[in-house]
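Ligands are counted one by one from 1 in listed order, and the atoms in each one are counted from 1 as well.
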Amino acid sequence: MTVANLWVVLEPSGDSFTTTSLEVLSFARTLSDTVSAITWGEGSSLAPQAGDFGAGTLYDVGDLGGALPGVPVASAIASLVERVGAPDDILIPTSYDGRDIAARLSARLDRPVLSNVTGLRDDNGLVTEHPVFGGSLTVSARFTSEGPGIVLVRAKSFAAEASGGGPASVVAASPGDQGSSAGATIVNTHVEERTGPKLEEATVVVSGGRGLGSADSYVLIEELAKLLHGAAGASRAIVDAGWVPYSHQVGQTGKTVKPLVYIACGISGATQHMVGMKGSKNIVAINKDPDAPIFQIADLGIVGDVHKVLPALIDSLKGRS
Ligand SMILES: Cc1cc2nc3c(=O)[nH]c(=O)nc-3n(C[C@H](O)[C@H](O)[C@H](O)COP(=O)(O)OP(=O)(O)OC[C@H]3O[C@@H](n4cnc5c(N)ncnc54)[C@H](O)[C@@H]3O)c2cc1C
């Protein structure tokens with residue numbers, strides 16, 4: 001292995017690290033024998049999980065005192081680089097906080113960031129893969145100058161798999177001098193209401209598009225998703241139209257999902273949508289246009305009107321329960 005030493009940022013979320021963090025950590029241990037992790041806040045008590053998924057050492061930035069992670073975590077990583085020496089690369093899961101950490105770390109270390117990464121391999125150094133042109137092509141890239149590369153990895157690029165390792169050893173990582181940016185604190189948080197599983201973790205996703213005709217019809221998507229114990233998703237067209245919040249958007253500029261079953265209802269199948277769901281195990285498409293591009297990747301296609309097909313599906317599922 002030429003990638004001798006990797007660091008992975010692990011974002012805490014309640015009593016676990018985020019799924020994307022665990023996906024990145026799982027893959028990191030296939031690339032390098034020495035994988036360390038950096039976390040903060042509630043992550044401090046998750047050394048057993050960090051070890052189980054492949055980290056030998058867990059650098060703990062500690063309680064952030066009401067600050068967003070970007071400033072203190074980037075500062076702590078920069079201080080660690082000075083104190084213990086730089087790793088070959090620093091892998092960061094893509095999220096709001098992950099992007100913030102990457103950008104601030106880039107400024108602190110004067111190193112570039114490779115973002116939107118969906119694949120990684122060791123080829124005499126780390127090589128990253130990025131989907132371009134709406135996912136129709138993949139380009140490979142590598143850092144050409146000395147110093148740790150900063151890599152932002154997209155959700156669902158790898159599988160999260162425990163390795164059965166013992167707890168990681170916890171080492172304190174002080175944020176050090178954070179400059180004037182440290183003055184910002186969180187004054188309020190808003191947790192978006194959700195029933196059922198998270199979109200990016202659901203085993204069934206039912207998504208609606210412009211073919212629904214109006215915001216009111218989205219209730220059909222929610223009802224079918226609920227009956228299938230799944231999550232409701234959306235195309236960008238209906239997010240832009242204000243029918244549903246951005247958190248529902250699947251695709252290039254939304255979420256990447258890989259459920260067992262993805263049901264696309266009234267969605268044409270633009271490449272920017274498909275890049276976010278084409279990894280689904282089984283794709284079902286309902287569209288009244290037999291030539292809609294979504295049928296090219298569908299395992300099961302229903303040519304029909306969503307206003308007829310969805311109520312019939314819902315009635316039939318209700319009849320079974
Ligand atoms: C930089 C960039 C990023 C983007 N990112 C994303 C992204 O992340 N996610 C995303 O989804 N899009 C994204 N888009 C937008 C994308 O290009 C498409 O415009 C969008 O996906 C179209 O949404 P849609 O399929 O709902 O609507 P349309 O393309 O308008 O398709 C509607 C479909 O519904 C069908 N239909 C109409 N009436 C009915 C009916 N009664 N019953 C059944 N079917 C019916 C039609 O035949 C049609 O196929 C992006 C675009 C750009 C340029």
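- Using a 4.0 Å cut-off between heavy atoms, Ser268 contacts ligand 1 through both its backbone and its side chain.
- Closest to atom 33 (C) of ligand 1, if we only count protein heavy atoms, is Gly266 O, 3.4 Å.
- Of the candidates Lys308, Lys288, Met277, it is Lys288 that places a heavy atom closest to atom 44 (N) of ligand 1.
- In terms of polar-atom proximity, Ile238 is not counted as a contact of ligand 1, lacking any N or O under 3.5 Å from an N or O of the ligand.
- Heavy-atom proximity to Gln252, at under 4.0 Å, picks out these atoms of ligand 1: 7 (C), 8 (O).
- Between Glu23 and Lys156 a salt bridge is recorded (basic side-chain N to carboxylate O distance below 4.0 Å).
- Ranking the protein heavy atoms by distance from atom 42 (N) of ligand 1 puts Val306 N, 2.9 Å first.
- Below 4.0 Å from some heavy atom of Gly251 lie the following atoms of ligand 1, by number and element: 7 (C), 8 (O), 9 (N).
- When the options Gln249, Arg210, Arg236 are ranked by their closest heavy atom to atom 8 (O) of ligand 1, first place goes to Gln249.
- In Thr271, neither the side chain nor the backbone holds a heavy atom less than 4.0 Å from any atom of ligand 1.
- The atoms of ligand 1 that sit less than 4.0 Å from any heavy atom of Ser235 are 11 (O), 23 (O), 24 (P), 26 (O).
- Residues that satisfy the side-chain contact (heavy atoms from CB on, under 4.5 Å) test with Asn116, not counting sequence neighbours, are Pro131, Arg154.
- Less than 4.0 angstrom separates some heavy atom of Asp289 from each of these atoms of ligand 1: 47 (O).
- For Val309, the side-chain contact (heavy atoms from CB on, under 4.5 Å) test picks out Ile286, Ile302, Leu313, with sequence neighbours left out.
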